[in-house]
Amino acid sequence: MRRTLFEQDHEDFRLLVRDFLVREVLPVYEDWWRAGLVPRELFTSLGKLGILGTAVPEEYGGGGRDDYRFNVVIQEECARAGVTLGGLRTHLDVVLPYFTGLADEEQRARWFPGLACGELYTAIAMSEPGTGSDLAGVTTRAVRDGDHYTLNGAKTFITGGHHADLVIVVARTATDPEDRRAGLSLLVVEKGMPGFAVGRKLEKIGLAAQDTVELSFDDVRVPAADLLGEEGAAFTHLGRNLAQERLAIAVGAVAQARAAIDLTLGYVRDRTVFGKPVAHFQNTKFELAAMATELEASQALLDAAIAALVAGELSPADAAKTKLFCTETQGRVVDRCLQLHGGYGYILESPIARLYADARVTRIYGGTSEVLKTIISKSLGL
């Protein structure tokens with residue numbers, strides 16, 4: 001189906017991203033995958049090309065184009081190239097909107113030039129060892145002490161935390177027995193602050209090149225000037241960007257499902273079984289036909305949601321529907337693609353095996369499928 005989502009600026013940007021991936025990433029990506037970490041210099045290089053700063057205002061060195069479609073292009077091109085750069089997605093799609101939407105003038109002058117050029121790389125710390133989807137249960141605490149906050153606590157499952165120069169930390173600054181959601185604030189913790197430590201890198205089933213770490217805060221003195229947004233309003237702030245965060249996961253899910261189908265089409269045409277290509281068997285044709293149809297349905301739903309987001313009209317329920325449908329489709333499609341690869345599909349050197357491992361988490365992070373169904377059911381008045 002013909003897509004009408006993008007304009008010429010987005011297609012020109014696509015060529016820039018594609019060229020960068022071919023020149024700078026593909027020749028070394030296998031090393032990154034085996035090391036379980038991309039180099040910090042990747043983000044500096046992306047910044048120099050203007051790829052990181054499209055949404056940053058021009059007066060701070062950015063592109064001044066707060067258009068989510070540029071972020072979509074990046075994810076689609078990464079999937080097309082067969083690389084997973086989850087830390088890049090988190091930085092652009094999840095964290096940067098908090099800065100552009102909440103930073104005051106002093107913070108903008110201090111942080112935005114570095115965000116635009118890649119000198120500053122970010123992460124967000126929400127999940128805790130005992131708190132996942134239930135953010136109201138956050139126990140990391142920040143106590144105001146003059147012109148600083150004293151921060152104590154621990155966070156886990158933090159994407160990009162190994163390299164991050166700025167980490168937005170969700171912390172409890174007040175306690176309200178009547179409302180667990182009240183009293184949460186966003187503090188920007190800067191790399192090198194005494195008491196701030198990056199812990200172990202967590203080994204995952206998939207997303208091997210994406211660092212996922214633990215963070216700890218032991219009497220970290222955070223300047224009050226690093227409070228992002230209003231004190232006690234973190235739950236509201238987090239909710240404003242949640243639709244885009246979930247949509248970002250759906251974008252990756254559809255792009256990676258498309259990559260899986262493309263890989264499988266090439267494989268079944270080349271692989272011979274019982275004297276003829278696997279593509280000649282009726283089951284192969286039917287499976288790929290069904291998958292291609294599911295993919296187009298997902299793409300149509302996703303593109304409509306992206307257009308709604310760009311127009312400022314995407315509701316939380318529609319974002320939940322889009323993530324639910326697209327990630328569940330991804331899981332089915334990639335699983336069936338791996339089946340068509342036979343034994344080779346189970347070997348990690350095979351790209352389809354990596355796509356299979358990477359796909360599993362999309363139904364968990366950013367809101368599990370079960371949490372999303374709860375949101376959708378509430379929108380139906382249930």
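Residues: numbered from 1 along the sequence shown. Atom set for the values below is all heavy atoms of this structure, side chains included, hydrogens, waters and symmetry mates excluded.
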- Query: Are any of the side-chain heavy atoms of Leu227 and Leu187 separated by less than 4.5 Å?
  - Reply: yes
- Query: Do Thr90 side-chain atoms and Gly87 backbone N/O form a donor-acceptor pair below 3.5 Å?
  - Reply: no
- Message: Taking Thr284's backbone N and O only, do any of them form a donor-acceptor pair with Glu287's side chain (distance below 3.5 Å, no angle check)?
- Response: no
- Pair Glu24-Ser45, side chain to side chain donor-acceptor pair (under 3.5 Å): steps then yes or no: CA-CA 9 Å; Glu24 304 293 336; Ser45 299; 5.8 Å; no
- Pair Cys326-Thr322, side chain to side chain contact (heavy atoms under 4.5 Å, CB included): steps then yes or no: CA-CA 6 Å; Cys326 292; Thr322 304; 4.1 Å; yes
- Task: Take Leu265 and Arg269 through the side chain to side chain contact (heavy atoms under 4.5 Å, CB included) test and state the conclusion after the steps.
- Result: CA-CA 6 Å; Leu265 285 169; Arg269 286 170 179 148; 4.0 Å; yes
- Between Val138 and Met126, is any pair of side-chain heavy atoms under 4.5 Å apart? no
- Joint hydrophobic cluster, Phe235 plus Val188, side-chain heavy atoms closer than 4.5 Å: yes
- Query: Do you see a donor-acceptor pair shorter than 3.5 Å between the side chains of Arg258 and Gln299?
  - Reply: yes
- Can you find a side-chain donor-acceptor pair between Thr84 and Gln210 that sits under 3.5 Å? no
- Item | hydrophobic_cluster_shared for Tyr365 and Leu215, side chain cutoff 4.5 Å | no
- Message: Please evaluate residues Val170 and Thr140 with respect to the criterion side chain to side chain contact (heavy atoms under 4.5 Å, CB included), reporting the C-alpha separation (whole Å), side-chain torsions for both, the decisive distance (0.1 Å), and the verdict.
- Response: CA-CA 8 Å; Val170 181; Thr140 295; over 6 Å; no
- Indicate, with yes or no, if Leu92 and Leu309 share a hydrophobic cluster defined by side-chain heavy-atom contacts under 4.5 Å among Ile, Leu, Val, Met, Phe, Trp and Tyr. yes
- Are any of the side-chain heavy atoms of Lys378 and Thr374 separated by less than 4.5 Å? yes
Determine all donor-acceptor pairs shorter than 3.5 Å in which one atom belongs to a side chain in residues 246-255; sequence neighbours excluded.
residue	atom	partner	partner atom	Å
Arg246	NE	Gly366	O	2.8

Return a table of donor-acceptor pairs under 3.5 angstrom between the side chains of residues 312-319 and protein atoms on other chains or two or more places apart.
residue	atom	partner	partner atom	Å
Ser315	OG	Asp318	N	3.1
Ser315	OG	Asp318	OD2	3.3

- Sub-6.0 Å ring centroid separation between His237 and Tyr98: no
- Query: Is it true that the NZ or CZ of Arg14 lies under 6.0 Å from the centre of Phe6's six-membered ring and within 45 degrees of the ring axis?
  - Reply: yes
- Task: First locate atom CD1 of Ile124, then atom CG of Leu96, and finally report the distance between them rounded to the nearest 0.5 Å.
- Result: 11.5 Å
- Message: Given 3.5 Å as the limit, does a donor-acceptor pair link the side chain of Arg144 with the main chain of Gly146, or not?
- Response: yes
- Query: Can you pull the side-chain hydrogen bond (donor to acceptor under 3.5 Å, both in side chains) pairs that have at least one residue in residues 213-232, sequence neighbours excluded?
  - Reply: Arg110-Asp226, Asp145-Arg221, Tyr149-Glu231, Asn152-Asp219, Arg200-Glu214
- Task: State yes or no: do Val83 and Phe70 share one hydrophobic cluster built from I, L, V, M, F, W and Y residues joined by side-chain heavy-atom distances below 4.5 Å, directly or via other members?
- Result: yes
- Item | Heavy-atom side-chain contact between Tyr29 and Val38 under 4.5 Å | no
- Message: Can you tell me how far apart CG (Leu46) and CG (Leu52) are? Round to the nearest 0.5 Å.
- Response: 5.0 Å
- Query: Any side-chain donor-acceptor pair under 3.5 Å between Ser369 and Glu328?
  - Reply: yes
- To the nearest 0.5 Å, tell me how far Ile168 CD1 sits from Leu102 CG. 8.0 Å
- Message: With no hydrogens and no angle check, just 3.5 Å: does a side-chain donor-acceptor pair link Asp12 and Gln8?
- Response: yes
- Task: Write down the atom of Ala171, the atom of Leu151, and the distance for their closest heavy-atom approach.
- Result: CB-CD1, 3.7 Å
- Message: Could you tell me if the side chain of Leu85 sits less than 4.5 Å from the side chain of Leu42, heavy atoms only?
- Response: yes
- Query: Within the distance-only criterion (no hydrogens, no angle test), does the side chain of His163 pair as donor or acceptor with the backbone N or O of Gly160 below 3.5 angstrom?
  - Reply: no
- Note on the structure: Output for pair (Ser185 OG, Arg141 CZ), nearest 0.5 Å, gives 10.5 Å
- Under 3.5 Å, is there a donor-acceptor pair between the side chain of Lys48 and the main chain of Gly118? no
- Message: Is any side-chain heavy atom of Leu302 closer than 4.5 Å to one of Ile306?
- Response: yes
- Task: Please check if the side chain of Asp67 supplies one atom and the backbone of Val310 the other of a donor-acceptor pair under 3.5 Å.
- Result: no
- Least distance between heavy atoms, Phe99 atom then Thr122 atom: CE1-CG2, 3.8 Å
- Note on the structure: Apart from Ile347 itself, its cluster of hydrophobic side chains linked below 4.5 Å comprises none
- Query: Does any non-hydrogen side-chain atom of Leu295 lie less than 4.5 Å from one of Thr329?
  - Reply: no
- Interatomic distance, CG@Leu242 vs CD1@Ile375, rounded to 0.5 Å, equals 6.5 Å
- Is it the case that more than 12 heavy atoms not belonging to Glu30 sit under 6.0 Å from its CD atom? yes
- Message: Please give me the minimum heavy-atom distance between Glu77 and Leu21, naming the atom from each residue.
- Response: O-CD1, 3.5 Å
- Message: Under the criterion salt bridge (Lys or Arg N to Asp or Glu O under 4.0 Å), I'd like the reasoning laid out for Arg108 against Glu59: C-alpha separation, chi angles, the key distance, then a yes or no.
- Response: CA-CA 10 Å; Arg108 285 174 170 242; Glu59 58 264 38; 5.3 Å; no
- Task: Step by step, work out the side chain to side chain contact (heavy atoms under 4.5 Å, CB included) result for Arg65 and Asp9.
- Result: CA-CA 11 Å; Arg65 298 285 302 276; Asp9 284 352; 3.1 Å; yes
- Message: By the definition salt bridge (charged side-chain N to carboxylate O under 4.0 Å, His left out), identify the one residue from Glu296, Glu76, Glu11 that meets it with Arg3.
- Response: Glu76
- Query: Is the shortest heavy-atom distance from the side chain of Thr139 to the side chain of Arg172 under 4.5 Å?
  - Reply: no
- Who else is in the cluster with Tyr356 when I, L, V, M, F, W and Y are joined by side-chain contacts under 4.5 Å? Leu263, Val334, Leu338, Ile352, Leu355
- Task: May I ask whether Leu340 and Tyr267 are part of the same hydrophobic cluster, defined by side-chain heavy atoms of I, L, V, M, F, W, Y residues being less than 4.5 angstrom apart, directly or through others?
- Result: yes
- Query: Near Lys201 NZ, under 6.0 Å, is it more than 12 heavy atoms from other residues, nucleotides or ligands?
  - Reply: yes
- Query: Where is the tightest heavy-atom contact between Ala307 and Leu5, given as atom of each residue plus distance?
  - Reply: N-CD1, 4.1 Å
- Task: Determine the interplanar angle of the Phe274 and Phe281 rings, folded into 0 to 90°, and report it as parallel if under 30°, tilted if 30 to 60°, perpendicular if over 60°.
- Result: perpendicular
- Message: Is it true that, when you exclude Phe196 itself, more than 12 heavy atoms of the residues, nucleotides or ligands shown sit nearer than 6.0 Å to its CZ?
- Response: yes
- Is there a donor-acceptor pair under 3.5 Å between the side chain of Thr156 and the backbone N or O of Glu128? no
- Grouping ILVMFWY residues whenever side-chain heavy atoms fall under 4.5 Å, the cluster of Leu37 otherwise contains none
- Message: Donor-acceptor pair, distance only, cut-off 3.5 Å: does the side chain of Arg354 make one with the backbone of Gly206?
- Response: no
- Describe, in one word, how the ring planes of Phe43 and Tyr121 are oriented to each other, choosing from parallel (under 30°), tilted (30 to 60°) and perpendicular (over 60°). parallel
- Straight-line distance of Asp358 CG to Lys204 NZ, nearest 0.5 Å: 9.0 Å
